[in-house]
Amino acid sequence: MEEFDPKITIKKKFSITRKVGFNKMAFSLKGIKVPHRKNTAGSEVKRMVIDNTITLPMIMHIGAPAVPVVKAGDHVDVGTLVAKAGEGLSSPIYSGVSGSVVGISDVVISNGRKVPAIKIDSDGEMTVDESIAPPVINDRQSLVGAIKDSGVVGLGGAGFPTYVKFNTDKEIDYLIVNCAECEPYITSDTYTMLERADEIAYAIDILLKHVNIKNVIIGIEKNKGKAIDKMKEIASKNSKISVKVLPSVYPTGGEKVLVYRTTGRVIKEGKLPADVGCIVCNCTTLATLGKYFKTGMPLVEKCVTVDGSAIENPQNVIVPIGIAIKDVFEFTGGFKSEPAKVLYGGPMMGISVPSLDEPVLKQTNALLAFNEKDAKQGEETACIQCGTCIRNCPFGINVTEIARAVSKGEYDRLEKLGVGICMECGCCAYNCPANRPLVQMHKLAKISLREWKEKEAKA
Amino acid sequence: MENKLHISVSPHLHRKRTTTGIMLEVIIALLPTTIAGVVIFGLRALAVIGVCVASAVISELLFNLILKKKQTIKDLSCVVTGLLLALNLPANAPLWQCAVGSVFAIIVVKCIFGGIGKNIVNPAITARVFMLVAFGSLAKTAFPVGMDATAGATPLVSETTPDIMDLLLGKTGGCIGETCAIALLIGGVYLLIRKVISWHIPVAFIGTVFIFSFFVKDFSVSEALVQVLSGGLLIGAIFMATDYTTSPSTALGKVVFGVGAGLITALIRFWGIYPEGVSFGILLMNILNPYICSLTARKLFGGGKK
């Protein structure tokens, strides 16, 4: 088997492009140093047993809403299907508690959309559904079906239904396991790597058996300590699997960044990893799949990192999906100061929640609460053209020009400036001395560009 | 309690560096030079510095008040402009001319173009060139306290080769802030350590002048060093050419900018009618800055052909 060494490829590229000209030097992918604050790494993990109500919104993934299959009064157990996948891109939803369905009512999710949500009253027993059995997997088709049935979506935070990634006839050069966990605070993937390595290994085995995957690369940041050894253990059992220890810079866990850092392949604007022969999967996603392949238990619970300046006892805790975040905070020991900002996910890309009644979602990997001092945003001042944003953008996007183009309404220029490449990692805004909301501007730029294109297409 | 939660777009974490903080760092970096200038040229230098800084701050304050704009003096950029202008003037410059220069820098060069970050040329440099042309006051050079004024003009036009040690310590004629090379280098190193500036512009700028002088002055290292240490090259390369707003943001752009400014400086020094060309070098490159920026833009990751 011909070994692919990304280093050599990058070097080759470098020397060829060098001859073309100084300006067209091979791309140097940037990253920034953010504080790690991994206070909860390796801490003891408690499992939450609850008798509260859980709320399961029908959208906890990218795609169409799931369709409820239960009605008020129905009895459900842990692992009972409560909503089947909708038409097209979608994912089913299972109950994480045993109890009875209270009803179905509309809730507003964090992007402002109204969706139905199933409310289930827990009886505190956590009885497991008797019908749960390992799925039968004979070929790729049944494997894809099983992945879809597991309810697993991208658990790193994106929420993209995982089955779609494997639903391909193409030969896959690399399955990249995303163990980077580059966001500050979050250590729930580290927990997965330390405690659920066997499930990750099992999932990889099954995937290798039924999907045409040539190599598996486990991409892990070098600050993960013992987790790296665990991953190397997995790699030692199969020659197709290798571990690549990556520099500990943000945003190594970004999909395009990870693919480039592990394989040297560049995903063009608007393309997917599949277009360059890669599949990227978060390690918790794989561990959950491994558990499903082994036992038939679908995605019903998540390990979340509870941390932040307003938290009394930072820790990792396993909670059923759908539990209200205020119950999680209460379980972990509450706040040491009044929370002023609460986030789903990490501080670099996480979403701020409007209320503590919001539920834990499938893709939630951390719940961070910050005090007033940390929640306060600095006053926005004029851009001083320092260029810090441009130098720190991992993808080389001219951030200031995009802001200018949006304000002037120069939409055709927005496209040329490559706003679509932006993954909203926040490296620009993190470093901006003028405290400008640069990520917000990019989101606005993307929406403006889309609307403008639609208008152009009509005209 | 629920409705008290802050909602904002990510990132929710910020590096603790603000515009005011950056300007403060520059002022700190200029302190050794300021102190050296006052020690070398006496209290008259302090008067020039005071007038320049005060009129810069007051003119920005009034501009914002009169036009009902958000008050911006607390970002300290006007203090930096006033201080840099003063350090680029001789200690015996008439105080009213200092005030006019300072007001010109703030109002005409900065505020009218839209305030901080919007000016197309460096305010202090432009005001200095304006004063050079309008008053001719900069042609008369001040001399260190106790030094014989007949000893010669600035080292750049003197016939004899000045002592390198004198240049390092600032015991020569010239502007308040340009003579003491050691103080300027300390400030430059401070800015580099604090990552306020990068090495590209100063090194490209000074390096170009050094190499150019080396060839023109018959391959004499000491003559080339004199060119580097005298005149306004160090203060220009370290503090003025590195102005964020009027210099490129990519490493390659910065090198192009520095080399260009160095070439113009050297050409004016050796063959122009003015003894010094640093101001013109920076000013001309300021004007070319947008072109340098667009020609040296970073390559997009996965951009271009699909």
When Thr245(B), Ile22(B), Thr246(B), Asp75(B) are compared by non-hydrogen pairs under 4.5 Å with chain A, the top option:
Thr245(B)
Please test Phe335(A) against Phe370(A) for ring pair (Phe, Tyr, Trp, His ring centres under 6.0 Å), starting from the C-alpha separation and ending with a verdict.
CA-CA 9 Å; Phe335(A) 304 108; Phe370(A) 295 97; over 10 Å; no
Would Lys446(A) and Glu424(A) pass as an ion pair if we require N to O under 4.0 Å?
yes
Interatomic distance, Asp307(A) atom CG to Lys38(A) atom NZ [nearest 0.5 angstrom]
10.5 Å
Do the side chains of Pro359(A) and Ile325(A) get nearer than 4.5 Å, heavy atoms only?
no
Mind ranking Pro347(A), Gly387(A), Gly346(A), Gly420(A) by heavy-atom pairs under 4.5 Å with chain B and telling me who comes out on top?
Pro347(A)
Considering only heavy atoms, which portion of Leu343(A) lies under 4.5 Å from any heavy atom of chain B: side chain, backbone, both, or neither?
side chain
Ile390(A) CD1 to Thr250(B) OG1 distance, which is reported to the nearest 0.5 Å:
8.0 Å
Cation-pi check, Lys256(A) to Phe395(A): give yes when NZ or CZ is under 6.0 Å from the six-membered ring centre and within 45° of the ring axis, no otherwise.
yes
Of His14(B), Lys16(B), Lys70(B), Arg17(B), the largest count of non-hydrogen pairs under 4.5 angstrom with chain A goes to His14(B)
Point-to-point distance, once rounded to the nearest 0.5 Å, from SG of Cys428(A) to CG of Asn392(A)
9.0 Å
For chain B, which of Pro35(A), Gly345(A), Cys383(A) has the most heavy-atom pairs under 4.5 Å?
Cys383(A)
Where on Lys195(B) is there a heavy atom nearer than 4.5 Å to chain A: the side chain, the backbone, both, or neither?
neither
Quick one: what part of Glu401(A) sits under 4.5 Å from any heavy atom of chain B, side chain, backbone, both or neither?
neither
Ranked by heavy-atom pairs below 4.5 Å to chain B, first place among Val342(A), Asn431(A), Val34(A), Ile267(A) goes to Asn431(A)
Looking only at heavy atoms and a cut-off of under 4.5 Å, which of Ala434(A), Ala382(A), Gly350(A) has the most pairs with chain B?
Gly350(A)
Determine yes or no for a side-chain-to-main-chain donor-acceptor pair under 3.5 angstrom, with Arg436(A) supplying the side chain and Ala429(A) the backbone.
no
Output the option from Pro11(B), Gly114(B), Gly117(B), Ala251(B) having the highest count of non-hydrogen pairs under 4.5 Å with chain A.
Pro11(B)
Is chain B contacted by the side chain of Cys425(A), its backbone, both, or neither, given a heavy-atom distance below 4.5 Å?
neither
Give, as side chain, backbone, both or neither, the part of Asn398(A) having an atom under 4.5 angstrom from any heavy atom of chain B.
neither
Reported CD-to-CG distance for the pair Glu338(A) and Asn371(A), which is rounded to 0.5 angstrom:
10.5 Å
Looking at chain A, which one of Thr20(B), Ile7(B), Asn119(B), Ile116(B) has the largest number of heavy-atom pairs inside 4.5 Å, strictly under?
Ile7(B)
